[in-house]
Amino acid sequence: MTAPKLMPLAIGLFAVGVLAIIAVFALFVAGYSDLPVWLNVAATYLPAVGLGLGIIAVIRKSRQKRS
């Protein structure tokens, strides 16, 4: 994937992960304690993966400008 195609994917994954974190907190405040595994996994890993892909996209884009 090229950097321009990678950045929207990174932003989307990060946004979905942040929404999952908000959902986890909202459900916890509402009194739910046993949350689905997929929600916990999404809240844990999607923001990190999105951030990592965003950093990779920025580095690749900056290296393309130099060449």
Side-chain angles (χ1 to χ4, degrees):
M1 277 193 151
T2 61
K5 292 180 183 177
L6 193 59
M7 187 56 81
L9 176 65
I11 292 170
L13 286 175
F14 187 80
V16 170
V18 170
L19 288 175
I21 291 171
I22 292 169
V24 166
F25 280 121
L27 289 171
F28 180 73
V29 168
Y32 294 98
S33 60
D34 271 342
L35 298 177
V37 173
W38 65 268
L39 185 59
N40 288 325
V41 169
T44 303
Y45 294 113
L46 286 182
V49 171
L51 182 63
L53 287 176
I55 290 170
I56 291 170
V58 168
I59 290 172
R60 288 181 68 179
K61 186 174 181 179
S62 70
R63 288 187 179 206
Q64 286 176 356
K65 286 184 180 179
R66 289 187 198 173
S67 301

Would you say [X] and [Y] are hydrophobically clustered, going by side-chain heavy atoms of ILVMFWY under 4.5 Å?
X: Leu9; Y: Leu46; result: yes
X: Tyr32; Y: Leu39; result: yes
X: Val16; Y: Ile21; result: no
X: Leu6; Y: Leu51; result: no
X: Phe14; Y: Ile22; result: yes

Over all atoms of both residues, closest heavy-atom pair of [X] and [Y]:
X: Gly50; Y: Ala10; result: O-CB, 3.3 Å
X: Pro47; Y: Ala42; result: CD-O, 3.5 Å
X: Ala57; Y: Met7; result: CB-CE, 3.9 Å

In this structure, CZ of Arg60 is separated from CG of Leu53 (nearest 0.5 Å) by 10.5 Å
